[in-house]
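Since we're looking at a predicted model, the values are computed, not measured. In what follows, chains are A, B, ... by sequence order, proteins preceding strands, each numbered from 1.
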There are 2 protein chains.
Amino acid sequence: MKSGPDIAMVAALVGDPARANMLTALMNGRALTASELAQEAGITPQTASSHLSKLEAGGLVEPEKQGRHRYYRLTDDDVAGVLEGLAGLAARTGHMRVRTGPKDPALRRARICYDHLAGDLGVQMLDSLRSRHLVKQKKQDIELTAEGERFLAKHLQISPEMLSHPRRPVCKACLDWSERRHHLAGTLGAAMMQRFAELKWAARDATPGSRVVNFTRTGEKQFAALFGNGKD
Amino acid sequence: MKSGPDIAMVAALVGDPARANMLTALMNGRALTASELAQEAGITPQTASSHLSKLEAGGLVEPEKQGRHRYYRLTDDDVAGVLEGLAGLAARTGHMRVRTGPKDPALRRARICYDHLAGDLGVQMLDSLRSRHLVKQKKQDIELTAEGERFLAKHLQISPEMLSHPRRPVCKACLDWSERRHHLAGTLGAAMMQRFAELKWAARDATPGSRVVNFTRTGEKQFAALFGNGKD
DNA sequence: TTCATGCTTCGATGGTAGCCGAAGCATTGT
DNA sequence: ACAATGCTTCGGCTACCATCGAAGCATGAA
């Protein structure tokens with residue numbers, strides 16, 4: 001028998017539909033009350049209470065008392081990241097919960113995944129880069145081409161040496177939560193997101209803990225000019 | 001009700017201890033037969049078969065027929081990544097599987113993790129490197145210092161260019177199974193392990209499938225001289 | 001062919017965990 | 001003080017699913 005982290009325990013926590021619903025509801029980074037989460041999961045408050053204690057014991061959520069309400073939020077971005085990963089795997093195998101209602105359209109359109117851009121726009125960006133041969137993608141491997149380097153230097157003032165990192169690959173395909181497509185991660189993904197912020201094209205939502213990325217008017221235009229697919 | 005990928009389904013797959021054991025056993029990237037996985041998980045072949053079909057249906061593992069054996073492997077790196085993430089969450093909250101009794105002391109002392117050294121000695125080695133500023137570690141990021149490069153060249157004949165790899169970081173902190181501490185992974189971790197083998201300091205145990213690493217008498221001395229903490 | 005090995009399917013069993021109703025605290029408001 | 005709201009605890013019910021024995025296929029060996 002093995003020792004090591006009890007991966008089954010934390011996975012089992014996410015493995016229950018009711019709890020998964022709650023966690024998904026929390027993935028936009030905002031805190032919700034126990035009752036809201038109960039309604040979100042379609043269960044009674046008693047049951048929700050039980051689930052929430054388990055999630056808390058497992059370190060996936062953190063409570064915050066406020067008056068007679070109890071707000072719960074995801075513990076940190078790592079949790080959100082793992083949930084995104086799980087969602088990616090589920091989406092890839094075609095196991096979608098059928099309804100496609102843009103529950104939180106902003107989150108679906110553009111959000112932070114670790115430190116890079118995810119959501120519709122993130123996927124669109126990688127699509128654009130790939131179709132113009134600025135990057136080459138083979139399965140999970142992405143490589144920056146020479147044209148790609150020139151493109152980055154010219155339009156975003158990003159030079160290759162800014163991207164080298166002992167531990168982290170320059171490019172990486174990261175499976176998107178909402179779409180079942182890849183978006184761009186790695187030091188390049190992070191650098192581009194950072195540049196978008198510096199250029200005031202986009203910024204993380206002000207609400208603490210929110211993972212939504214808001215694009216400015218001009219930012220959206222510039223982004224579309226660089227990575228647009230003509231449909232925007 | 002929500003839209004989006006059915007995260008609960010895939011999480012539930014990992015959430016069963018037996019299945020989690022199998023997945024963990026597959027995390028070194030090698031394919032294992034159904035029986036091996038059954039033994040690994042401590043269940044009968046029938047039960048394992050049932051689990052494996054579910055894992056396959058969920059897209060987490062892929063089978064490969066070979067003679068009358070059926071080899072299973074993780075579908076791809078995305079799966080391994082999510083599993084690592086889960087392990088990270090579990091480890092962080094202190095939920096380790098407390099497997100009583102050092103079942104295999106040799107395994108606990110020195111073993112192969114992927115392709116690098118893990119266990120007591122692996123942790124000790126990284127500790128030593130860090131305390132002598134041969135590497136700098138910030139959270140999970142490890143960086144080789146200039147002194148570190150000189151040290152490697154002098155004592156282990158490892159040059160920086162041997163370590164560069166398009167997709168893999170040179171250094172990486174890898175969470176240790178038995179200890180709750182980090183040991184050194186990445187191309188450097190692999191290169192050092194390889195060098196230990198070449199120098200006949202240590203070798204993987206002869207038993208097929210075993211992950212134990214046996215140090216020779218002189219190997220242990222040399223290792224202690226380089227990375228010892230005085231207590232050995 | 002006959003036997004052995006590896007794996008799967010079938011059927012039955014038992015333990016576990018999700019679920020809700022009712023009751024119990026806690027906080028806030030009147 | 002009393003009531004209302006929000007959440008938790010308790011007890012019992014139910015459904016699901018992991019598990020294993022036995023039998024059934026498939027592949028390879030003799």
Exercise. Residues in side-chain contact (heavy atoms from CB on, under 4.5 Å) with A:V14, at least two apart?
Worked result: A:L23, A:L60, A:L83, A:L86, B:I7, B:A11
Between N or O atoms, less than 3.5 Å apart, protein on one side and nucleotides 26-29 of chain C on the other: list the pairs.
none

Seminar exercise, completed: Interatomic distance, CD@B:E84 vs OG1@B:T24, rounded to 0.5 Å, equals 11.0 Å
For this session: Answer yes or no: does a side-chain N or O of B:R70 lie under 4.0 Å from OP1 or OP2 of D:dT27?
Result: no
Exercise. Who passes side-chain contact (heavy atoms from CB on, under 4.5 Å) against B:T47, sequence neighbours left out?
Worked result: B:I43, B:T44, B:H51
Seminar exercise, completed: Rounded to whole Å, the CD-P distance (B:Q39 to D:dC20) equals 14 Å
Exercise. Would you call B:D76-A:R92 a salt bridge at under 4.0 Å N-O?
Worked result: yes
Problem set entry | Atom-pair distance (CG on B:L32; P on C:dG6), nearest Å | 15 Å
Exercise. Who are the ring-ring contact (aromatic ring centres under 6.0 Å, His included) partners of A:F215, not counting sequence neighbours?
Worked result: A:F223
Problem set entry | B:L52: partners by side-chain contact (heavy atoms from CB on, under 4.5 Å), with sequence neighbours left out | B:M22, B:A34, B:L37, B:L55, B:Y72
Exercise. Tell me, which pairs form a salt bridge (Lys or Arg N to Asp or Glu O under 4.0 Å) where one or both residues lie in residues 187-199 of chain B, sequence neighbours left out?
Worked result: B:R195-B:E198
Exercise. Quick one: side-chain hydrogen bond (donor to acceptor under 3.5 Å, both in side chains) partners of B:E36, sequence neighbours excluded?
Worked result: B:T33
Problem set entry | Consecutive Watson-Crick or G-U pairs in runs of at least 3, all under 3.5 Å, in which DNA chain C is involved | C:1-30 with D:1-30
Exercise. Within the structure shown, what part of the strands sits under 4.0 Å from A:Y71 by heavy-atom distance: base, sugar-phosphate, or nothing?
Worked result: nothing
Exercise. Tell me the salt bridge (Lys or Arg N to Asp or Glu O under 4.0 Å) pairs involving residues 41-57 of chain A, sequence neighbours left out?
Worked result: A:E56-A:R70
Exercise. Residues in salt bridge (Lys or Arg N to Asp or Glu O under 4.0 Å) with A:E64, at least two apart?
Worked result: A:R73
Problem set entry | All salt bridge (Lys or Arg N to Asp or Glu O under 4.0 Å) counterparts of A:E62, not counting sequence neighbours | none
Problem set entry | Separation of D:dT8 P from A:H69 NE2 (nearest whole Å) | 13 Å
Exercise. How does protein contact run along nucleotides 13-22 of chain C, one letter per nucleotide 5' to 3', with B for base contact, S for sugar-phosphate only, - for none, heavy atoms under 4.0 Å?
Worked result: -----SSBBB
